[in-house]
Number of protein chains: 2
Amino acid sequence: MISNKMQTLVANSSTIRAMFEEGKRLAAIHGAENVYDYSLGNPNVLPPDTIKKAIMEILDSENSNVIHGYMNNSGYEDVRTEIANFINKKQSLKLDASSIVMTCGAAGGLNIILKALLNPEDEVIVFAPFFGEYRNYVSNFDGKLIVVPADTTHFEPNIAALKEALTSRTKAVIINSPNNPTGVIYSEEAIKHLAATLEEAEKAFGTSIYLISDEPYREIVYDGAVVPYILHYYKNSFIGYSYSKSLSLPGERIGYIVAHPEMDHFNDMMAALNVANRILGFVNAPSLFQRVIAKCLESEVDVSIYKRNRDLLYNHLVSLGFECIKPEGAFYLFPKTPIADDKAFCEAAKAFNLLLVPGSSFGCPGYMRLSYCISYEQIQRSLPAFTQLAEAYIK
Amino acid sequence: MISNKMQTLVANSSTIRAMFEEGKRLAAIHGAENVYDYSLGNPNVLPPDTIKKAIMEILDSENSNVIHGYMNNSGYEDVRTEIANFINKKQSLKLDASSIVMTCGAAGGLNIILKALLNPEDEVIVFAPFFGEYRNYVSNFDGKLIVVPADTTHFEPNIAALKEALTSRTKAVIINSPNNPTGVIYSEEAIKHLAATLEEAEKAFGTSIYLISDEPYREIVYDGAVVPYILHYYKNSFIGYSYSKSLSLPGERIGYIVAHPEMDHFNDMMAALNVANRILGFVNAPSLFQRVIAKCLESEVDVSIYKRNRDLLYNHLVSLGFECIKPEGAFYLFPKTPIADDKAFCEAAKAFNLLLVPGSSFGCPGYMRLSYCISYEQIQRSLPAFTQLAEAYIK
């Protein structure tokens, strides 16, 4: 029999699966082009051409036992140095390879950070709305997830509520900006306020509280928006970075962790991340793609494609009377559902061939998430369906 | 501060690091060609040329959003089907894609199996000598590792001792054949005896006991030796396979799990593996390399290179009076240490520039492991050092 924890997780995952099957069922009836699946965060913009070029160059010029071989569990030293230098140039910092651990995407990175940090019952704070997987990552190491309720005015971290949530058992706080599901970029002011609050709590409790910034959407930003780099604001900070979205490589599982070089217990922490990468079974981030991204640090996907999608969908929804914060990054909209029951509303939307995810899945009922990383043409085709949905539900 | 569990693990890993640093120190004094590092299991035989060819073909012919994109967490359906068909042909079985989960190597595979299976305090049995990481993998999910003492006559599973170790809490048994560290291939007779014993215990306790066969060395065999395929012998069985050694791709983290289609709770189990792959942060096995190995199923590394190494080193050690079972697979020798204290012996060997791993690291004191996946020339150069070592310690 599968483990007790797993039984619940499998039951939950079959809800997601049911949604997927429903999409297939609708597509069979109405044709795939007439079913509007806004449920998946799978990048549809192509990876830059530099990826293929880099792979070819590496295969032609480097030793295949090195390209495909083991290295230090934290990653190739030269790759880590190049990433540190790249960050230094962009952020005016003085990092070196010792602050970088190559990881199997941000998901791998977050798991090894939590493995390194958590004793059973240690508390990890997240701000609603939040990426639902954090719940599982924290549970993997028997930590306790503490959800700070959403500030639905701006969808910035709710610092007043954070102050209530902090305790002597608080080991870490996870933030995610640009945010999934809102697309909001946390402002510099909010980050400063957050940092000051955590420092106060550290002093009050005599503990170290680690701030973990999950940043797969750092490069997916619009209208010249800037994402504050938390290493400037808080000493006990980690960044979990991923190339899944910034280079459209989600299947390759490549990313890295940056740790603030002045964090408490830095050496122990880096040694623990190294060991955690190994014993959790990652061993190391995939080797070829470590070398590939080192050659593509200046590359970007065409973000204008996502921006065009955002503008089309956001403008239409707002014109219909949906309340929605305008996203500055990522590829999600997070409108308020016209009825309070977001699950019932998303269920009802299926009648219009619209697949939407209830805000409840992100700890924020009364809202819904729309992933607009689908084709522009598909979004265009879906607009009348939203119009009908609004006519049925918005008075 | 890092977690309590991690503090012990970091302390242990610094012992390994100390060995590595010692190797560097000796190399600085004596020259790298005069230091004989038999401590690492890093394949030195090149990957087959078909790997590069397959990568080029895929990059030239497939859509880059598919090659590098998300897929089902269990892996690409077409890749899983091809692997199932390949196994069917070789093993006369009737598997389909539903029995296969693509994983980040065998380490990733073993972790997701244990995540799917274990409740805290569930027991997992291993046979000494065993790959030390099993201890960490079981501990990741709060399982209890039960070590069955070695049968040092043949280094086959010690079934008499297994019978004593089985309890109503036994959830799984891990085997590893060809074995790290002995190079022994468990015989068909041993596997049959093991299977019958587990079936008896299942009946006696009214439980399911899962047999997990860790098989990264399946293809690294000599003199026409055959590795029994456990799906023929035991219903509740998983195989954790990896291309790390069979195609010399350890850095790429690519492998798969095969589950017996008639195992207890098969559907729940496969759903649990899928979820575990996701929530542990693997998400999926690296995408490009899933597609690559599907094109290289018939490929092999040149095993004759390892065989030549084995013969040279084995014959020399035996001629010196070392007691050692002749390995039929993998790339390790596991001789008895001439003095009972294997740690002291390996420490003493450093004076001869020989880096060896004590058998204690594999739950089998009084022995030592030598990894002969280094160059033939380096082994040749090391022979006089072994001669001197034997003169000092073998009477």
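Hydrogens, waters and symmetry mates are skipped; everything else that's a heavy atom, side chains included, is used. Order of the sequence lines fixes the chain letters, A, B, ..., with proteins taken first and strands second; residue numbering starts at 1 for each chain.
Proximity of A/M71 to B/N42: side-chain heavy atoms (C-beta onward) are nowhere separated by under 4.5 Å.
Neither the backbone nor the side chain of A/F141 has a heavy atom closer than 4.5 Å to any heavy atom of chain B. Interface remark: A/I55 contributes side-chain atoms only to the contact with chain B (heavy atom separation under 4.5 Å). With a threshold of 4.5 angstrom between heavy atoms, A/N72 approaches chain B through side-chain atoms but not through N, CA, C or O. Only the backbone of A/L118 comes within less than 4.5 Å of a heavy atom in chain B; its side chain stays farther off. Both the backbone and the side chain of A/R278 come within less than 4.5 Å of a heavy atom in chain B. Only the side chain of A/K171 comes within less than 4.5 Å of a heavy atom of chain B; its backbone N, CA, C and O stay farther away. When heavy atoms are compared at a cutoff of 4.5 Å, A/A106 does not approach chain B at all. Neither the backbone nor the side chain of A/D122 comes within contact range of chain B; no heavy atoms are under 4.5 Å apart.
At most 12 non-hydrogen atoms from other residues, nucleotides or ligands lie less than 6.0 angstrom from NZ of A/K144. The neighbour count for A/D49 CG, taken as heavy atoms of other residues, nucleotides or ligands under 6.0 Å away, does not exceed 12.
Of all the heavy atoms in B/K52 and A/L59, the pair that sits closest is NZ-O, 3.6 Å. Of all non-hydrogen atoms in B/G41 and A/Y70, the two that sit nearest each other are O-CE1, 3.9 Å. For A/P250 against B/G69, the heavy-atom pair with the smallest separation is CG-CA, 3.9 Å. Of all heavy-atom pairs between A/N65 and B/V45, the closest is ND2-O, 3.3 Å. Shortest non-hydrogen contact noted between B/E252 and A/I67 is OE2-O, 3.5 Å.
Ranked by heavy-atom pairs under 4.5 Å with chain A, the first of B/G108, B/A107, B/S287 is B/S287. Ranked by non-hydrogen atom pairs under 4.5 Å with chain A, the options B/I51, B/T207, B/N284, B/N136 are led by B/N284. Each of A/S208, A/P47, A/S13, A/P43 has some count of heavy-atom pairs under 4.5 Å with chain B, and the biggest count is that of A/P47. When each of A/N140, A/D142, A/L249 is checked for heavy-atom pairs under 4.5 Å with chain B, A/N140 comes out on top. Of all the listed residues (A/G251, A/A271, A/S139), the one sharing the greatest number of non-hydrogen pairs under 4.5 Å with chain B is A/G251. Top candidate by heavy-atom pairs under 4.5 Å with chain B, chosen from A/C104, A/G105, A/A116, is A/A116. Heavy-atom pairs under 4.5 Å with chain A peak, among B/D60, B/L40, B/T103, B/L110, at B/D60.
Taking the centre of each ring, A/H68 and B/F289 come in below the 6.0 Å mark.
Within the 3.5 Å criterion, the main-chain N or O of B/F282 finds a donor-acceptor partner in the side chain of A/R253. Side-chain atoms of B/N111 come within 3.5 Å of backbone N or O of A/L280 as a donor-acceptor pair. B/D268 contributes no side-chain N or O that, together with a main-chain N or O of A/M1, makes up a donor-acceptor pair within less than 3.5 Å.
A donor-acceptor contact closer than 3.5 angstrom is absent between the side chains of A/K5 and B/N119.
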Applying side-chain contact (heavy atoms from CB on, under 4.5 Å) to B/H265 and A/I2, what does each step give before you reach the verdict? CA-CA 8 Å; B/H265 315 288; A/I2 61 173; 5.6 Å; no
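For the side-chain contact (heavy atoms from CB on, under 4.5 Å) with A/M6, the qualifying choice from B/L117, B/L273, B/V275 is B/V275, the only one to do so.
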